[in-house]
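Since the structure comes first, as structure tokens, the remarks are kept for the end.
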Amino acid sequence: MTVARTICLGFIAVILLGTILLTLPFSTGNGNWNDPIVALFTSTSAVCVTGLAVVDTGTDFSFLGQLFIALLAQIGGLGYMTTTTFLMLLMGRKFDLRQKVAIQQALDRPGMSGSAQIIRSIIATTLLFEITGVLLLMIAFVPEKGWQEGTWLAIFHSVSAWNNAGFSLFKDNLISYQSSPLVILTIGTLIIFGGIGYQVILDMYLWLRDSFTYQNNRLIRKNSCLIFSLDFKVATSTTLILLMLGTIAILMIEIRNNSTFGKLDLTGKILVAWFQSVTTRTAGFNSIDIGKMTNAGLFIMIALMFIGASPGGTGGGIKTTTLRVITSCTKAILQGKEEVLLYNRKIAISLILKAVGVVFGSLATVIVSTVLISITDPEFPFIQILFEVVSAFGTVGLSTGITATVSTAAKLILILTMYIGRVGILLLMSSILGDPRPSRIHYPEENLLVG
């Protein structure tokens with residue numbers, strides 16, 4: 001039982017437990033036994049923080065069912081190893097070497113030191129952002145829905161947004177609130193910080209702590225300066241670039257589409273375009289009808305969904321850092337250089353190989369899933385099938401509206417695709433093939449025509 005197998009089987013165990021809970025009568029809105037396929041799909045979508053749904057979450061599930069979905073999304077967002085490790089900390093148990101290695105691989109950290117501290121920081125950060133999100137969303141929901149329903153709506157959507165799950169208790173998702181800056185900006189901010197990675201948030205906190213101090217009832221800037229890590233620089237800069245490009249592209253393409261943006265004023269169009277640029281990169285909330293977007297708009301979203309969030313965050317996709325490594329490799333080749341540089345730092349060959357493996361494995365997964373669903377459900381347009389598959393693989397949850405109507409075989413394919421997207425293609429292959437064995441054999445180098 002390798003570390004990779006422990007993580008992969010752990011996610012499967014949580015999915016199966018969620019399936020059992022969501023199948024029971026007290027989880028459904030009508031009090032009857034739930035369809036096992038619906039329960040399995042919903043549980044997988046929640047644990048994999050995807051948000052794709054085959055039924056209406058707000059009406060087809062009872063309060064307990066909705067609570068289970070929120071808890072599954074919380075476990076899925078934190079990660080199986082983070083959740084189990086936190087429970088061990090609560091019970092006062094100490095970590096052994098195996099558990100430290102598992103935490104290192106699950107969080108994609110460079111070292112094993114400070115595992116307990118980083119878990120505590122992750123839990124504290126999660127609670128801080130989610131509670132803040134609840135308080136802000138209550139301002140919007142409580143006056144309209146009342147204290148009980150409004151508070152639950154705020155809790156559910158805050159947890160869903162922070163974990164980039166995309167589940168909503170409203171039938172039209174967030175279309176009714178597309179003109180509400182409070183709701184849109186609160187959920188959008190939770191999505192960004194949830195998907196950017198805990199290490200980036202920790203670096204931000206350390207920068208604020210070391211750069212400012214509070215004296216004599218005023219904020220004073222210190223002379224000390226924190227040197228940000230390469231992870232921070234790449235994740236933040238790439239996220240900002242993708243947000244800006246996504247907003248501009250979606251706005252320019254859909255600005256004349258009366259079914260999506262056409263009836264909004266300029267401020268509303270910019271707000272909706274920004275929100276869709278944010279949520280497309282792994283969250284799954286929508287403030288417009290995705291099924292009425294143009295093919296060009298859908299293709300832009302497919303690209304953003306495939307890229308996804310940053311390592312260490314709650315989102316999926318190939319990750320922003322992988323994109324930067326691949327683009328930097330392309331830039332180095334075009335400039336005739338033999339070294340790949342990022343912010344004046346040389347990228348190791350092992351990381352380049354890992355990035356190539358992630359991109360190739362991800363493309364292979366998307367292609368195979370798309371082909372299989374095109375065979376099982378040939379009546380749906382290709383762009384809708386591709387959109388659905390990339391949404392599942394990137395753990396996004398956006399849909400053009402075909403999720404509930406696809407065949408059972410297609411649902412099972414999407415379930416597997418969501419699972420692969422959540423655990424990661426490299427970790428899954430490592431769990432299947434086992435840990436690589438070191439070898440002292442070195443083969444001669446030879447040139448090969450490429451390109």
Side-chain angles (χ1 to χ4, degrees), residues 2-5 7-8 11 48 50 105-106 108 195 231 234-235 238 242 280-282 299-313 315-334 337-342 346-375 382-383 385-396 413-437 439 443 445-451:
T2 63
V3 171
R5 288 170 183 166
I7 296 174
C8 291
F11 272 102
C48 298
T50 303
Q105 292 191 11
D108 201 13
D231 284 325
V234 173
T238 309
L242 290 175
T280 299
R281 288 189 36 251
T282 69
F299 197 78
I300 290 295
M301 283 192 164
I302 289 174
L304 293 174
M305 290 191 298
F306 187 74
I307 295 170
S310 299
I318 63 172
K319 310 297 185 185
T320 55
T321 49
T322 303
L323 174 67
R324 287 296 294 273
V325 170
I326 295 298
T327 54
S328 297
C329 287
T330 306
K331 179 181 177 182
I333 291 297
L334 295 177
K337 297 180 179 179
E338 295 183 356
E339 292 182 344
V340 179
L341 302 178
L342 269 174
K346 181 181 177 180
I347 305 301
I349 295 298
S350 58
L351 290 180
I352 296 175
L353 294 177
K354 182 178 180 180
V356 173
V358 168
V359 173
F360 180 81
S362 301
L363 285 173
T365 302
V366 169
I367 291 172
V368 171
S369 299
T370 303
V371 170
L372 291 177
I373 296 180
S374 297
I375 295 173
F382 174 78
I383 187 68
I385 295 176
L386 178 62
F387 190 94
E388 204 81 8
V389 169
V390 176
S391 178
F393 176 78
T395 67
V396 180
I413 294 171
L414 290 175
I415 288 172
L416 181 60
T417 305
M418 287 188 287
Y419 175 75
I420 295 174
R422 182 62 185 94
V423 300
I425 186 67
L426 295 187
L427 188 68
L428 180 63
M429 293 306 299
S430 177
S431 68
I432 296 174
L433 302 177
D435 293 334
R437 296 180 179 180
S439 175
Y443 296 94
E445 183 177 310
E446 188 170 343
N447 290 328
L448 178 68
L449 296 176
V450 176

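Just so it is clear, the values below take in all heavy atoms, side chains as well, and ignore hydrogens, waters and symmetry mates.
In this structure, OG in S369 is found 6.0 Å from CD1 in I420, a value given to the nearest 0.5 Å. Atoms CD and CD1, from E338 and I333 in turn, are 8.5 Å apart once rounded to the nearest 0.5 Å. Rounding to the nearest 0.5 angstrom, the gap separating the CD1 atom in I373 from the CD1 atom in I385 is 7.0 Å. Here M301 contributes atom CE and R281 contributes atom CZ; the two are 13.0 Å apart, rounded to the nearest 0.5 Å. Distance check, rounded to the nearest 0.5 Å: CD1 of I307 to CG of L323 gives 5.0 Å. To the nearest 0.5 Å, the span separating CG on L386 from CZ on F299 amounts to 7.0 Å.
Nearest heavy atoms, T282 versus G308: CG2-CA, 3.6 Å. When all heavy atoms are compared, the tightest approach of V423 to L428 is CG2-CB, 4.1 Å. Contact record, T322 with A355: CG2-O, 3.7 Å, taken as the closest heavy-atom pair. Minimum heavy-atom separation, K346 to L341: CA-CD2, 3.7 Å. Closest approach of L426 and K354 over heavy atoms only: CD1-CG, 3.5 Å. Across S310 and T320, no two heavy atoms sit closer than the pair OG-OG1, 2.9 Å.
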Exercise for the section: Could you check S362 against F393 for side chain to side chain contact (heavy atoms under 4.5 Å, CB included), going step by step and ending with a plain yes or no? Expected result: CA-CA 8 Å; S362 301; F393 176 78; 3.2 Å; yes
Handout entry: Working for side chain to side chain contact (heavy atoms under 4.5 Å, CB included), residues C48 and F11
Key = CA-CA 8 Å; C48 298; F11 272 102; 5.8 Å; no
Exercise for the section: Show the numbers, then the answer: is there a side chain to side chain contact (heavy atoms under 4.5 Å, CB included) between I413 and V389? Expected result: CA-CA 9 Å; I413 294 171; V389 169; 6.0 Å; no
Practice task
Report the C-alpha separation of V356 and I326 in whole Å, then their side-chain angles, then the decisive distance to 0.1 Å, and conclude whether the side chain to side chain contact (heavy atoms under 4.5 Å, CB included) test is met.
Solution key: CA-CA 7 Å; V356 173; I326 295 298; 4.0 Å; yes
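Here I415 pairs with L40, F41, T44, L412, M418 under the side-chain contact (heavy atoms from CB on, under 4.5 Å) rule; sequence neighbours left out.
A donor and an acceptor atom, one from each side chain of T50 and T395, are nowhere located under 3.5 Å apart. Remark: the T238 side chain and the R324 side chain contain an N/O donor-acceptor pair separated by less than 3.5 Å.
Looking at R5, its side chain does come within 3.5 Å of a backbone N or O of S431 through a donor-acceptor pair.
Considering T370, L372, V371 in turn, T370 is the only one that fulfils the side chain to side chain contact (heavy atoms under 4.5 Å, CB included) rule with S374.
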